[in-house]
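Chain naming here is simple, since letters A, B, ... match the order of the sequence lines and numbering starts at 1 in each.
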Amino acid sequence: MAVSAKISPISLHPDLHNPLNPKPHKPKSLNLTPNPLNPINNASLPFKRTQEIYALNTTTNTIDSPNLNSDLTQLCLLGNLKKALKHLDFMVERHVAVEENAWVSLISLCEMKRAAREGVIVYARIADSMRGGGFGVQLGNALLSMFVRFGELDEAWHVFGKMGERDVFSWNVMIGGYAKAGFFDEALSLYHRMLWVGGGKPDIYTFPCVLRTCGGIPDLGRGREVHVHVIRFGFESDVDVTNALITMYVKCGDVHSARLVFDVMPKRDRISWNAMISGYIENGRCLEGLALFSIMQSHVVEPDLMTVTAVVFCYVYDFGNLEEAEKLFYTMDFKDIVSWTTMISGYYKNGLPRKSIEVYEQMQSEGLLPDEVTIAIVLSSCARLGLLDTGVKLHEFANQTGHIAYTIVGNNLIDMYSKCNIVDKALEVFKQIPEKNVISWTSIILGLRINNRSFEALNFFRQMILQLKPNAVTLVVALSASARIGALMCGKEIHAYALRSHLEFDGVLSNALLDMYVRCGRLEYSQNQFNLHKDKDVTSWNIFLTGYASQGRGELAGNVFKTMLNEKMNPDEVTFIALLCACSRSGMVDEGLEYFNNMELRYSISPNLKHYACVVDLLGRAGRLGEAYELIKTMPVQPDAAVWGALLNSCKIHRQVELGEIAAKCIFERDTKSVGYYVLLCNLYAESGRWDGVARVRRMMREKGIIVDPGCSWVEVKGSVHAFLSGDESHPQMSEINAALDGLQERMKTIGFDMSKNRFDNEIESSKADIFCGHSERMAVAFGLISTVPGMPIWVSKNLYMCRICHDAVKYISKIVRREITVRDTEQFHHFKDGICSCGDEGYWGRDDK
DNA sequence: TTAGGGTTAG
């Protein structure tokens with residue numbers, strides 16, 4: 001038979017939707033309805049029979065089975081669940097058999113009152129009384145309907161399996177239940193089973209349920225098949241069925257077919273218009289949606305909330321026309337939570353988070369409470385603005401109302417706390433999310449990463465992949481954490497993972513990979529990734545250029561820039577920052593100035609503060625401090641702290657205390673919070689032997705509560721990252737590390753270098769000078785040396801600037817152990833080989849004329 | 001029992 005070929009074997013297995021089966025497309029919604037069991041006042045009951053029932057049964061103990069059953073039904077009809085349950089207890093205690101129709105009334109009442117707990121209790125009673133027998137159609141259907149409404153698909157499935165007989169209602173409820181919970185494939189299987197095995201004939205209620213599954217997957221092919229069924233069973237003129245058909249086509253992206261159905265409908269209701277209009281809008285065909293909207297109005301069909309919300313959405317998202325959206329929004333007489341949220345989210349998405357918070361406050365002042373979606377979006381606005389107060393208030397509200405249980409709320413709390421730099425609070429929220437999804441994990445990994453806790457971020461990433469599949473966004477975030485601490489092996493593993501799992505490589509992921517290789521200092525890998533990068537954008541070129549800049553390879557950067565122009569890629573502001581930076585690190589002053597002068601002339605990019613800071617750096621490093629200072633004084637925009645900071649750094653290199661003090665004064669007029677400038681000034685004084693100055697800056701920092709992060713270095717050995725925090729000796733191999741350092745120190749002394757005292761007359765002074773270094777890289781280098789075979793290069797990253805003593809020490813170590821050692825500090829890469837560093841010492845440290 | 005809007009991370 002032709003049809004039999006189409007039937008796939010479907011077993012009615014109770015684990016139809018267990019976790020081994022495909023995940024639901026949509027999470028079960030939480031039942032946040034308050035306990036509906038409010039005691040109903042007796043006085044409000046329309047007749048006295050209730051009291052009589054109790055009077056009769058409790059005092060006389062008469063067993064009157066038919067009457068007791070009809071009393072139970074009566075109580076249910078009255079809607080008095082509490083009394084009905086009490087009455088049920090009474091019957092059960094006396095072993096009075098409860099009739100099926102009484103059970104049906106009781107179950108229907110539980111469903112109506114949304115009394116899930118009570119429903120389960122009654123079901124247990126029913127199961128007891130059935131003693132393993134099957135349910136009749138009436139009772140079975142009532143149970144199915146109740147369990148489906150409460151989202152208890154397991155229980156519904158169990159009941160469905162125990163029904164001796166089923167009618168079309170039973171099938172409809174099950175199909176609808178699975179579809180609503182997002183188990184689309186299961187719902188479709190049930191529909192087919194109903195047709196071919198269950199012998200059921202679909203009715204007008206069946207098709208909306210089934211079509212919802214095709215739209216939900218979405219699966220246009222199967223949707224079309226169901227359309228054929230609609231015609232074959234003769235329901236093509238039913239307005240509800242046809243509306244469902246329109247929705248199905250719209251969700252499957254086939255707006256054309258939706259319109260064909262819409263056009264031939266014999267009768268249209270408001271839902272038909274809404275489905276079609278929002279169908280256009282959902283599919284990005286806003287003009288057609290708006291056109292139909294005006295036709296709708298000419299047909300004297302009053303648009304309702306749904307229509308207007310869709311049109312507002314269209315203005316906000318597709319045209320970015322917030323004014324028009326606003327106009328329409330404020331003409332709505334009645335606004336519900338969804339329409340408010342559309343507007344709030346519209347402002348957020350269009351880069352106006354402050355406005356979105358204002359609208360949210362307006363909504364509150366009109367007495368509406370936010371739901372989980374509103375909370376989530378307002379939290380995103382708080383995150384973007386760093387509005388901790390509002391965020392915390394929302395957190396408290398979510399705790400009180402139970403909305404905290406929604407994953408989306410937890411996820412946005414993580415993001416909000418992270419972006420307000422309270423990452424410990426974010427961790428707390430993360431732990432409490434009952435169902436963590438990819439976004440929960442990605443958000444916490446990102447939170448740790450942006451709060452300089454990349455090492456922990458990577459640990460979270462490792463934990464995550466044991467239980468959940470990361471997506472491209474997760475990988476981008478994890479790669480950025482790897483890049484941050486120079487964890488090349490880890491980054492490569494992520495790269496391999498991305499290839500293995502056939503993840504879609506978008507431009508952002510490819511750029512993140514490139515950035516990781518660049519920041520890990522491996523130019524050969526970077527080059528390779530750059531060549532393989534399919535859709536390079538200006539960011540890709542900029543990352544690549546920055547790589548050469550951080551390696552002090554100005555000429556190579558210049559070549560890349562030429563290639564970029566040859567390939568018709570337009571440079572942007574960042575391109576010139578990278579170029580200027582590369583020139584200044586390589587002492588290419590003239591080339592740098594030429595780029596700077598040509599920026600506006602040839603590429604119509606006007607220099608911003610960052611470009612000026614680069615040029616000050618370019619001149620200053622080269623010792624042309626006077627010119628640098630002159631440029632600051634004559635530049636057309638007001639210099640900011642970073643521009644003066646570049647001058648201060650140059651003053652430190654060339655030990656120009658006076659000019660440095662001028663720069664510092666200007667910096668602290670503009671920025672008193674950034675740690676870096678204090679460190680620079682302190683180092684300037686220390687390098688110049690001005691210990692009074694060092695003490696003064698230290699005092700300033702103490703008074704302002706400025707704390708320098710403890711020094712931390714990372715080294716990767718056999719694929720694992722080891723972190724060394726300065727002053728922390730908790731590493732399990734610490735004694736071996738110290739022994740190695742002692743050994744090296746001895747050998748260095750024989751060639752005239754003392755790691756602890758170099759350059760300074762006494763130890764106290766030397767410790768003042770390098771107080772902001774932490775020397776953590778020494779531990780990391782020593783650990784690298786003892787954990788790898790001789791000859792292997794060592795790669796270390798650190799979070800602070802390397803001090804001169806460490807720099808000298810590593811130079812000597814590279815000579816003694818004959819290894820290439822690379823240290824990446826906050827500024828650049830230092831490749832040490834045979835006692836020489838690639839940074840050329842002078843540009844970085846100034847001449848050692850002491 | 002049936003349709004329908006707003007959803008977070010790079």
Side-chain angles (χ1 to χ4, degrees), chain A residues 26-27 111 141 144-145 148-149 168-177 179-180 203-212 215 238-248 250-251 269-279 281-282 304-314 316-317 336-346 348-349 370-381 383 406-416 418-419 437-447 449-450 470-480 506-509 511-512 515:
Chain A
K26 195 169 67 181
E111 182 187 339
N141 282 350
L144 288 183
S145 169
V148 161
R149 180 169 313 271
V168 65
F169 179 93
S170 331
W171 290 98
N172 288 350
V173 173
M174 286 310 289
I175 295 167
K180 226 170 198 167
D203 64 4
I204 50 159
Y205 299 120
T206 315
F207 288 108
C209 296
V210 177
L211 287 164
R212 178 183 211 150
D238 180 89
V239 67
D240 290 328
V241 173
T242 326
N243 286 347
L245 271 172
I246 294 174
T247 306
M248 180 276 293
V250 157
K251 295 266 183 230
D269 62 7
R270 209 198 313 266
I271 294 165
S272 326
W273 288 94
N274 283 348
M276 201 57 235
I277 292 169
S278 57
I281 294 172
E282 265 174 47
D304 67 357
L305 192 67
M306 218 75 74
T307 334
V308 182
T309 306
V311 176
V312 167
F313 181 87
C314 149
V316 167
Y317 288 86
D336 70 352
I337 189 69
V338 176
S339 43
W340 280 102
T341 310
T342 305
M343 214 54 217
I344 293 170
S345 139
Y348 168 73
K349 291 242 163 102
D371 70 0
E372 73 279 5
V373 181
T374 326
I375 297 175
I377 294 167
V378 179
L379 279 171
S380 339
S381 292
Y406 285 98
T407 306
I408 192 175
V409 171
N411 291 352
N412 281 289
L413 280 169
I414 294 175
D415 196 47
M416 185 273 294
S418 301
K419 289 185 179 151
N437 62 16
V438 190
I439 300 182
S440 325
W441 284 95
T442 308
S443 302
I444 195 65
I445 295 168
L446 174 70
R449 153 69 192 84
I450 59 178
N471 62 20
V473 183
T474 324
L475 298 193
V476 167
V477 174
L479 281 167
S480 132
D506 62 5
V508 185
L509 180 54
N511 282 347
D515 186 57

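Here A/Ser443 lies in heavy-atom contact (under 4.0 Å) with sugar-phosphate atoms only. Heavy atoms of A/Ile408 sit under 4.0 angstrom from at least one base atom. Base engagement by A/Leu509 is indicated by at least one non-hydrogen atom pair under 4.0 Å involving a base atom. When heavy atoms are screened at a 4.0 angstrom cut-off, A/Ser480 is found touching no nucleic acid atom at all. Contacts of A/Ile377 with the nucleic acid, taken as non-hydrogen atoms under 4.0 Å apart, involve only primed sugar atoms and P, OP1 or OP2. Using a 4.0 Å heavy-atom cutoff across all strands shown, A/Asp506 reaches at least one base atom of the nucleic acid. A/Phe207 comes within 4.0 angstrom of no nucleic acid atom, judged by non-hydrogen atoms across all strands. Within the nucleic acid shown, A/Thr342 comes within 4.0 Å of sugar-phosphate atoms alone, with no base atom in reach, counting heavy atoms only. Note on A/Ile445: nothing from the nucleic acid sits closer than 4.0 angstrom, heavy atoms only. Within 4.0 Å (heavy atoms only), A/Asn471 reaches at least one base atom of the nucleic acid. Counting any heavy atom pair closer than 4.0 Å across all strands shown, A/Ser278 reaches no nucleic acid atom. Within 4.0 Å of A/Val173, counting heavy atoms only, lies no atom of the nucleic acid at all.
Remark: the A/Asn274 side chain and the A/Asn243 side chain contain no N/O donor-acceptor pair separated by less than 3.5 Å. For the 3.5 Å distance criterion, the side chains of A/Asp304 and A/Thr307 qualify, holding a donor opposite an acceptor.
Separating the CG atom of A/Asp203 from the C1' atom of B/dT1 is a distance of 9 Å, rounded to the nearest angstrom. Taking atom CH2 of residue A/Trp171 and atom P of nucleotide B/dT2, one finds them 18 Å apart after rounding to whole Å. The distance from atom CD1 of A/Ile444 to atom P of B/dG10 is 13 Å, rounded to the nearest whole Å. Summarising the geometry, the separation between CD1 on A/Ile439 and P on B/dG10 is reported as 10 Å, rounded to the nearest angstrom. What separates CG of A/Asp415 from C1' of B/dT7 is a distance of 14 Å, to the nearest Å. Per the geometry, CG belonging to A/Asn172 stands 12 Å off P belonging to B/dT1, to the nearest Å. Between A/Glu372 atom CD and B/dT7 atom P the separation is 12 Å, expressed in whole Å. In this structure, the CG atom of A/Asn243 is 18 Å from the P atom of B/dT1, given to the nearest Å.
Applying the 4.0 Å criterion to OP1 and OP2 of B/dT8, one finds that A/Lys349 has a side-chain N or O inside that range. Here A/Tyr317 reaches the OP1 or OP2 of B/dT7: one of its side-chain N or O atoms lies under 4.0 Å away. Using a 4.0 Å cut-off, no side-chain N or O of A/Thr307 falls inside it from OP1 or OP2 of B/dG5. Using a 4.0 Å cut-off, no side-chain N or O of A/Lys419 falls inside it from OP1 or OP2 of B/dT8.
Counting heavy atoms from C-beta on, the side chains of A/Val316 and A/Lys349 never come closer than 4.5 Å. Two residues are said to be in side-chain contact when any heavy atoms from C-beta on lie closer than 4.5 Å; A/Ile175 and A/Val210 meet this criterion.
Listed candidates were B/dG6, B/dG5, B/dA9. Nearest to the side chain of A/Lys251 is B/dG5. Of the candidate nucleotides B/dG10, B/dA9, B/dG6, B/dA9 has the atom nearest to the side chain of A/Thr442. Nearest nucleotide to the A/Asn412 side chain, out of B/dG6, B/dT8, B/dT1: B/dT8. Distance from the side chain of A/Tyr348 is smallest to B/dT8 among B/dT8, B/dG6, B/dT2. Closest to the side chain of A/Ala472, from the set B/dT8, B/dT2, B/dG10, is B/dG10. Nearest to the side-chain atoms of A/Tyr205 among the listed nucleotides B/dG10, B/dT1, B/dT7 stands B/dT1.
Nearest heavy-atom pair, A/Ser380 versus A/Asn412, reported as atom, atom and distance to 0.1 Å: OG-OD1, 3.4 Å.
Side-chain N/O atoms of A/Asp336 and base N/O atoms of B/dG5 include a donor-acceptor pair closer than 3.5 Å.
With A/Asp238 as reference, A/Ile204 is the one residue of A/Leu245, A/Asp203, A/Ile204 to meet the side chain to side chain contact (heavy atoms under 4.5 Å, CB included) rule.
Side-chain atoms of A/Thr342 come within 3.5 Å of backbone N or O of A/Val338 as a donor-acceptor pair.
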